[in-house]
Amino acid sequence: MPELPEVETVVRDLRAARLVGRRIVKARVFWRKTIADPAPTGFAREIRGRTIQRLARRGKFIVAELSGARTLLVHLRMSGHLDVQPAKTRPRRHDRVVWTLDDGRQLHFADTRKFGRVWLVRNPAHVLGELGPEPLEISSAALAAGLAARARQLKPLLLDQTFLAGVGNIYSDEALWAARLHPQRRSDRLTAAQAADLRRAIQAALRKGIRNLGTTFGNGQTHFVLPRGERGRNQEQLNAYGQTGRPCPRCGTPIRRILVGQRSTHLCPRCQRQPKESR
DNA sequence: AAGTGTCCCTGCGAGC
DNA sequence: TGCTCGCAGGGACACT
């Protein structure tokens with residue numbers, strides 16, 4: 001499941017593939033619902049001839065600035081995958097959109113579960129405008145103020161993209177574990193020190209994910225794999241996420257899995273105590 | 001305002 | 001082996 005570190009890794013990989021400066025000569029859409037905006041026919045027509053000028057990331061969105069004041073936005077959601085293929089590669093089973101570049105190479109958007117979305121817009125704020133701050137850039141004061149301004153359970157709040165842009169299920173569990181905070185603690189009841197701990201933990205978890213080239217589960221068919229087909233290695237270093245029943249690396253208590261806001265959540269019941277006043 | 005439930009999708013693992 | 005079934009999950013949306 002691509003979150004901030006995985007998307008950052010994809011963007012860096014695409015930059016390394018030297019897509020910037022290439023012109024898009026053709027777009028083929030194999031699954032219409034993948035194109036969120038505009039309509040699929042207009043999408044193919046409007047993107048043709050535009051040059052990729054810059055590749056960036058905002059939250060979990062991949063942002064490609066194109067010539068002629070257009071922006072291509074890609075959200076991988078659950079199973080989306082971008083990779084660069086040689087000229088004349090035939091579309092594969094799960095390809096939803098394929099762009100052909102002026103050097104013949106193709107950019108493939110494959111997406112097994114079809115949750116991923118692609119936009120071609122004049123104004124990216126139309127899509128990105130509601131996103132909260134970048135977690136790697138937010139100040140301690142801003143995060144503390146944001147936590148205090150809401151009365152939410154920590155875990156759903158961290159997953160709320162209008163609160164912080166880019167944190168998902170894996171890294172929120174890892175951050176809460178590192179900060180020793182129960183996922184259902186109320187956001188407005190943290191001490192200043194706990195808020196500062198949480199910020200450090202979020203940033204450390206994300207930076208570690210980026211260093212490890214992301215978290216890869218499964219075979220890449222349903223889970224994250226780098227554009228060049230490599231696997232990340234963060235899954236080998238997780239402390240809480242997916243570790244149900246295994247000993248907490250800090251205290252040895254078995255990691256427990258609970259549901260919070262319909263999302264599976266992993267925690268150490270001893271390190272991450274739920275204070276009475278929070279529920 | 002915060003929380004819950006439903007939907008979108010498909011592959012996979014469990015159970016039979 | 002081959003079947004059915006339930007789960008996984010980011011985000012949009014309706015509803016309480």
Side-chain angles (χ1 to χ4, degrees), chain A residues 1-8 10 29-37 40 57-63 73-82 92-97 109-119 126-132 135 145-175 182-190 206 209 214-225 231-232 234-235 238 240-245 257-266 274 277-279:
Chain A
M1 319 99 215
E3 306 179 23
L4 187 154
E6 288 74 31
V7 177
E8 179 66 27
V10 168
V29 176
F30 300 104
W31 185 256
R32 297 173 60 85
K33 288 169 85 170
T34 296
I35 310 296
D37 192 37
R57 177 194 60 74
R58 173 77 174 98
K60 301 177 194 172
F61 287 82
I62 295 155
V63 181
L73 299 163
V74 178
H75 197 303
L76 303 172
R77 290 279 177 89
M78 295 301 300
S79 58
H81 175 71
L82 282 172
R92 288 159 307 176
R93 183 169 171 199
H94 297 301
D95 285 344
R96 309 304 175 199
V97 183
F109 178 63
D111 183 20
T112 308
R113 292 184 186 168
K114 300 179 175 174
F115 286 172
R117 290 292 179 267
V118 173
W119 296 254
H126 179 67
V127 180
L128 307 175
E130 298 295 307
L131 288 180
L147 290 165
R150 325 236 194 158
R152 301 271 304 273
Q153 299 183 129
L154 287 178
K155 165 92 183 229
L157 184 56
L158 294 183
L159 296 182
D160 184 340
Q161 299 300 296
T162 67
F163 182 73
L164 276 183
V167 178
N169 215 27
I170 297 172
Y171 296 95
S172 64
D173 280 6
E174 291 299 295
H182 192 284
Q184 291 177 303
R185 285 285 302 264
R186 268 183 54 168
S187 63
D188 58 345
R189 303 213 178 153
L190 296 192
L206 295 173
T215 304
T216 302
F217 290 113
N219 54 11
Q221 188 76 222
T222 51
H223 297 294
F224 175 75
V225 178
R231 298 164 57 85
N234 204 52
Q235 65 280 1
L238 296 174
Y241 183 85
Q243 305 302 302
T244 311
R257 176 182 177 275
I258 63 173
L259 278 183
V260 181
Q262 310 300 94
R263 290 275 185 266
S264 73
T265 298
H266 310 76
Q274 168 73 298
E277 69 272 14
S278 288
R279 283 225 50 86

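Please read these numbers as outputs of a predicted model, since none were measured by experiment. By convention in this document, chain letters (A, B, ...) are assigned in the order of the sequence lines, proteins followed by strands, and residues within each chain are numbered from 1.
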Check the pair A:R117 / A:D37 against salt bridge (charged side-chain N to carboxylate O under 4.0 Å, His left out), numbers first and verdict last.
CA-CA 9 Å; A:R117 290 292 179 267; A:D37 192 37; over 6 Å; no
Evaluate the criterion side chain to side chain contact (heavy atoms under 4.5 Å, CB included) for residue pair A:Q274 and A:R185; output intermediate values, then yes/no.
CA-CA 7 Å; A:Q274 168 73 298; A:R185 285 285 302 264; 3.9 Å; yes
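Each end of the helix from B:dA2-C:dT16 to B:dC16-C:dG2 gets its own rotation axis from five pairs of C1' atoms, and the angle between them is 50° to the nearest 10 degrees.
In this structure, NE2 on A:H182 lies 10.0 Å from CG on A:L154, to the nearest 0.5 angstrom.
The interatomic distance linking A:F61 (CZ) with C:dG10 (C1') rounds to 10 Å, in whole Å. Rounded to whole Å, the distance from NE2 on A:H75 to P on C:dA12 is 8 Å. B:dG3 atom P lies 8 Å from atom CZ of A:R186, rounded to whole Å. The separation between A:H81 atom NE2 and C:dG10 atom P is 19 Å, rounded to whole Å. Summarising the geometry, the separation between CG on A:L76 and C1' on B:dT10 is reported as 17 Å, rounded to the nearest angstrom. Between the CG atom of A:L158 and the P atom of B:dA2 there is a distance of 14 Å, rounded to whole Å. Atom CZ of A:R32 and atom P of B:dC8 are 18 Å apart (whole Å). Atom C1' of nucleotide C:dG10 and atom CD of A:E6 are separated by 13 Å, given to the nearest angstrom.
Take A:A149 and apply the side-chain contact (heavy atoms from CB on, under 4.5 Å) test, not counting sequence neighbours, and it matches no residue. In this structure, the side-chain contact (heavy atoms from CB on, under 4.5 Å) partners of A:D160, at least two apart in sequence or on a different chain, are A:R150, A:R152, A:T162, A:F163. Residues passing the side-chain contact (heavy atoms from CB on, under 4.5 Å) test with A:A151 are A:R186, A:D188, sequence neighbours excluded. With sequence neighbours left out, A:E8 forms a salt bridge (Lys or Arg N to Asp or Glu O under 4.0 Å) with A:R12, A:R57.
When every heavy atom of A:T112 is checked against every heavy atom of A:S79, the shortest pair comes out as N-OG, 3.4 Å.
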Provide a list of protein-nucleic acid N or O atom pairs under 3.5 angstrom, restricted to nucleotides 5-9 of chain C.
| unit_1 | atom_1 | unit_2 | atom_2 | d |
| --- | --- | --- | --- | --- |
| C:dA8 | OP1 | A:R257 | NH2 | 2.3 |
| C:dA8 | OP2 | A:R257 | NH2 | 3.4 |
| C:dA8 | N3 | A:R113 | NH1 | 3.4 |
| C:dG9 | OP1 | A:Y241 | OH | 2.7 |
| C:dG9 | OP1 | A:S264 | OG | 3.2 |
| C:dG9 | OP2 | A:S264 | OG | 2.8 |
| C:dG9 | N2 | A:R113 | NH1 | 3.2 |

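Among the protein residues, A:R77 comes within range of the nucleic acid bases, having at least one heavy atom under 4.0 Å from a base atom.
Within the 4.0 Å cut-off from OP1 or OP2 of B:dC9, not a single side-chain nitrogen or oxygen of A:H94 is found. Between A:K33 and B:dC8, a side-chain N or O to OP1/OP2 separation shorter than 4.0 Å is absent. One finds no side-chain N or O of A:Q153 lying less than 4.0 angstrom from the OP1 or OP2 phosphate oxygen of B:dA2. Using a 4.0 Å cut-off, no side-chain N or O of A:R117 falls inside it from OP1 or OP2 of C:dG11.
Side-chain contact check for A:K114 versus A:R96: some heavy-atom pair is nearer than 4.5 Å.
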